[in-house]
Amino acid sequence: MRFVFPHSHAFAGGRVVLEDDGAAASAGEVEFADGSVVVATWRREGDDFQLEVPSYRTARGTEVAARRWRVTEGRDGVWRTRRIE
């Protein structure tokens, strides 16, 4: 599974594109618009995904803390993130 964010970081309500490679693995790539790529863990929860993104550094050098996200598909077919505390 690959998660592609159209920004340099994930944020609550942000869009994400899911690319399902058919693999059953619980680790996958997370790619951000600035070219940053990290390996994250994910698991399916019903129709949603729980995504755990490790800390990483953006292309401009900003340190982003590790976070957990719920990735949910909206009625419009767009996948969006919600932060898990």
*Asks:* Please examine the side chains of Arg70 and Asp48, heavy atoms only from C-beta on, and report whether any two atoms are closer than 4.5 Å.
*Replies:* yes
*Asks:* Over 60° means perpendicular and under 30° means parallel, so tell me whether Phe5 and Phe32 are parallel, tilted or perpendicular.
*Replies:* parallel
*Asks:* Are Tyr56 and His9 side-chain neighbours, meaning at least one heavy-atom pair lies under 4.5 Å?
*Replies:* yes
*Asks:* To the nearest 0.5 Å, what is the distance between CZ on Arg43 and CE on Met1?
*Replies:* 14.5 Å
*Asks:* Once rounded to the nearest 0.5 Å, what's the spacing between atom CD of Glu73 and atom CZ of Phe49?
*Replies:* 9.0 Å
*Asks:* Does some side-chain heavy atom of Arg68 sit less than 4.5 Å from a side-chain heavy atom of Leu51?
*Replies:* no
*Asks:* Return the OG to CD distance between Ser26 and Glu52, rounded to the nearest 0.5 Å.
*Replies:* 10.0 Å
*Asks:* Under 3.5 Å, is there a donor-acceptor pair between the side chain of Thr72 and the main chain of Arg80?
*Replies:* no
*Asks:* Indicate the atoms forming the closest heavy-atom contact of Thr58 with Ser36, along with that distance.
*Replies:* CA-OG, 3.6 Å
*Asks:* Only one of Thr81, Leu18, Val53 passes side chain to side chain contact (heavy atoms under 4.5 Å, CB included) with Phe3; say which it is.
*Replies:* Leu18
*Asks:* Testing the basics here: between Asp34 and Ser8, what is the closest heavy-atom pair and its distance to 0.1 Å?
*Replies:* OD2-CB, 3.6 Å
*Asks:* Could you go through the side chain to side chain contact (heavy atoms under 4.5 Å, CB included) check for Trp69 and Arg83 one step at a time?
*Replies:* CA-CA 5 Å; Trp69 301 97; Arg83 186 167 174 196; 3.5 Å; yes
*Asks:* Begin from the C-alpha positions of Val4 and Glu19 and carry the test side chain to side chain contact (heavy atoms under 4.5 Å, CB included) through to its verdict.
*Replies:* CA-CA 8 Å; Val4 181; Glu19 297 177 356; 3.9 Å; yes
